[in-house]
Amino acid sequence: MSTKRAQPTANNEKSKKQKTSGYWALGLLDTMKDPESIVMEDDLVVVIKDKYPKAEYHYLVLPKADISSLKKVNKEHLSLLQHMQHVASDLSTDDEHKHKNFKMGYHAEASMARLHLHLISDDMVSSCLKTKKHWNSYNSSFFLSSADICQQFEAEGVVKLPKSEVCRKLLDTPLKCHKCSFVPKHMPNLKDHILSHK
DNA sequence: GTTCTAGAAC
DNA sequence: GTTCTAGAAC
């Protein structure tokens, strides 16, 4: 007799097939509700710690509104995007964080549902940072600065996101240090090197 | 998004 | 032989 496997929670929801790659892609929706993970929240947004931080400090700012990704954002959301940036900026300059430099931005193509703004310190020192894809997702034009995104929405009413082939190439760009011209042989070499910038 | 691991690179 | 990367995961 075979053991019954518990169905994922969506069993009682509409059975239309989602194009999501799997349940993991919805993980942020749970994390947003987890008091342990929440750093702060207001009426519009929740700030959580990234579960696999790619630098000493790494937070995500997510809207409470059901916006799955940058692709679903339109000019009506401009004030929300500005608010998300403002919340991130405030956090980055509080007493705990003002000694560090931060960047704020979106991945051109995110893996996980619910729009999220990354707030990440620029040291890039973390045991969770392992792959070239990790590196390039924060240190190439795959990383779209929040200021640029807001500005483009304000000026043009839409944001032009790179096509998926372009994203793939950006993530496969040869490694280079984000603070100097050093070209590492491989990730462990780069991780050793960036310690010298601390 | 991560984990795991085969086989490429050294 | 060891280190490192890259692709499958039902």
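Letters A, B, ... mirror the listed sequences (proteins, then strands); counts begin at 1.
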Chemist: May I ask you to say what H116(A) touches in the nucleic acid, namely base, sugar-phosphate or nothing, with a heavy-atom cut-off under 4.0 Å?
Modeler: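 Nothing: the residue H116(A), judged by heavy atoms under 4.0 Å, touches no strand.
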Chemist: Could you give the distance from NE2 (H134(A)) to OG1 (T131(A)), rounded to the nearest 0.5 Å?
Modeler: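 So the NE2 of H134(A) and the OG1 of T131(A) are separated by 4.0 Å.
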Chemist: Validate the cation-pi geometry between K103(A) and Y138(A): distance from NZ or CZ to the six-membered ring centre under 6.0 Å, angle to the ring axis within 45°.
Modeler: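 No.
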Chemist: What's the separation between atom CD1 in I149(A) and atom CD in Q82(A), rounded to the nearest 0.5 Å?
Modeler: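 Rounded to the nearest 0.5 Å, the CD1-CD separation comes to 12.5 Å.
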Chemist: Excluding sequence neighbours, so at least two apart, what forms salt bridge (charged side-chain N to carboxylate O under 4.0 Å, His left out) with D192(A)?
Modeler: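 Listed in chain order: nothing, the list is empty.
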Chemist: Among residues two or more places apart or on two chains, list those pairs meeting salt bridge (Lys or Arg N to Asp or Glu O under 4.0 Å) that have a residue in residues 127-147 of chain A.
Modeler: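 Counting only pairs at least two positions apart or across chains, the salt bridge (Lys or Arg N to Asp or Glu O under 4.0 Å) contacts touching residues 127-147 of chain A are K132(A)-D172(A).
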Chemist: Do the charged groups of E154(A) and K75(A) touch, with an N to O distance under 4.0 Å?
Modeler: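 Salt bridge: no.
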Chemist: Excluding sequence neighbours, so at least two apart, what forms ring pair (Phe, Tyr, Trp, His ring centres under 6.0 Å) with H116(A)?
Modeler: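 By the ring pair (Phe, Tyr, Trp, His ring centres under 6.0 Å) rule, H116(A) matches H118(A).
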Chemist: Give each protein N/O atom lying under 3.5 Å from an N/O atom of nucleotides 4-6 of chain C, with the pair distance.
Modeler:
residue: dT5(C); atom: OP1; partner: M187(A); partner atom: N; Å: 3.0

Chemist: L115(A) and K72(A): side chain to side chain contact (heavy atoms under 4.5 Å, CB included), yes or no, with the steps?
Modeler: CA-CA 9 Å; L115(A) 179 68; K72(A) 304 288 184 178; over 6 Å; no
Chemist: Can you give the dot-bracket line for DNA chain B, using ( ) for pairs inside the strand, [ ] for pairs that cross earlier ones, | for pairs with another strand and . for unpaired bases, where Watson-Crick and G-U count if both distances are under 3.5 Å?
Modeler: .|||||||||
Chemist: Within this structure, what is the NE2-to-C1' distance between H58(A) and dG1(B), rounded to whole angstrom?
Modeler: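 My rounded result for the distance is 12 Å.
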Chemist: Residues of residues 103-111 of chain A with any non-hydrogen atom less than 4.0 angstrom from an atom of DNA chain B: list those, numerically ordered, please.
Modeler: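 Residues of residues 103-111 of chain A under 4.0 Å from DNA chain B: H107(A), S111(A).
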Chemist: Measure from OH on Y23(A) to C1' on dC10(C) and round the result to the nearest Å.
Modeler: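 Taking atom C1' of dC10(C) as the reference, OH of Y23(A) is at 18 Å.
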Chemist: For L29(A) and dG1(B), what is the distance between atoms CG and P respectively, to the nearest whole Å?
Modeler: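 It works out to 15 Å between those atoms.
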Chemist: Who pairs with D122(A) by salt bridge (charged side-chain N to carboxylate O under 4.0 Å, His left out), at least two apart in sequence or on another chain?
Modeler: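 For D122(A), the residues satisfying salt bridge (charged side-chain N to carboxylate O under 4.0 Å, His left out) (neighbours in sequence not counted) are K179(A).
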Chemist: List in chain and number order the residues that pass salt bridge (charged side-chain N to carboxylate O under 4.0 Å, His left out) with D43(A), two or more places apart in sequence or in another chain; answer none if no residue qualifies.
Modeler: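 D43(A) satisfies salt bridge (charged side-chain N to carboxylate O under 4.0 Å, His left out) with no residue once adjacent residues are dropped.
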Chemist: Kindly write out the residues that satisfy salt bridge (charged side-chain N to carboxylate O under 4.0 Å, His left out) with K98(A), not counting sequence neighbours, or none if the list is empty.
Modeler: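 Residues passing salt bridge (charged side-chain N to carboxylate O under 4.0 Å, His left out) with K98(A): D95(A).
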Chemist: In whole angstroms, how far is the P atom of dG1(B) from the CE atom of M112(A)?
Modeler: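 To the nearest whole Å, that distance equals 8 Å.
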Chemist: So, using ring pair (Phe, Tyr, Trp, His ring centres under 6.0 Å) as the criterion, who are the partners of F153(A) when residues are at least two apart?
Modeler: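 Partners of F153(A) under the ring pair (Phe, Tyr, Trp, His ring centres under 6.0 Å) test: none.
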Chemist: Please list, in numerical order, the residues of residues 48-57 of chain A that have a heavy atom closer than 4.0 Å to any atom of DNA chain B.
Modeler: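 Hits under 4.0 Å, by residue number: Y52(A), K54(A).
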Chemist: How close or far is atom C1' of dG1(B) from atom NZ of K133(A), stated in whole angstroms?
Modeler: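 Atom NZ in K133(A) sits about 8 Å away from atom C1' in dG1(B).
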Chemist: Got a sec, which residues hit ring pair (Phe, Tyr, Trp, His ring centres under 6.0 Å) with H193(A), two or more places apart in sequence or on another chain?
Modeler: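 Applying ring pair (Phe, Tyr, Trp, His ring centres under 6.0 Å) to H193(A) gives F182(A), H197(A).
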Chemist: Please give, in whole Å, the distance from dG1(B) P to L129(A) CG?
Modeler: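 That distance rounds to 12 Å.
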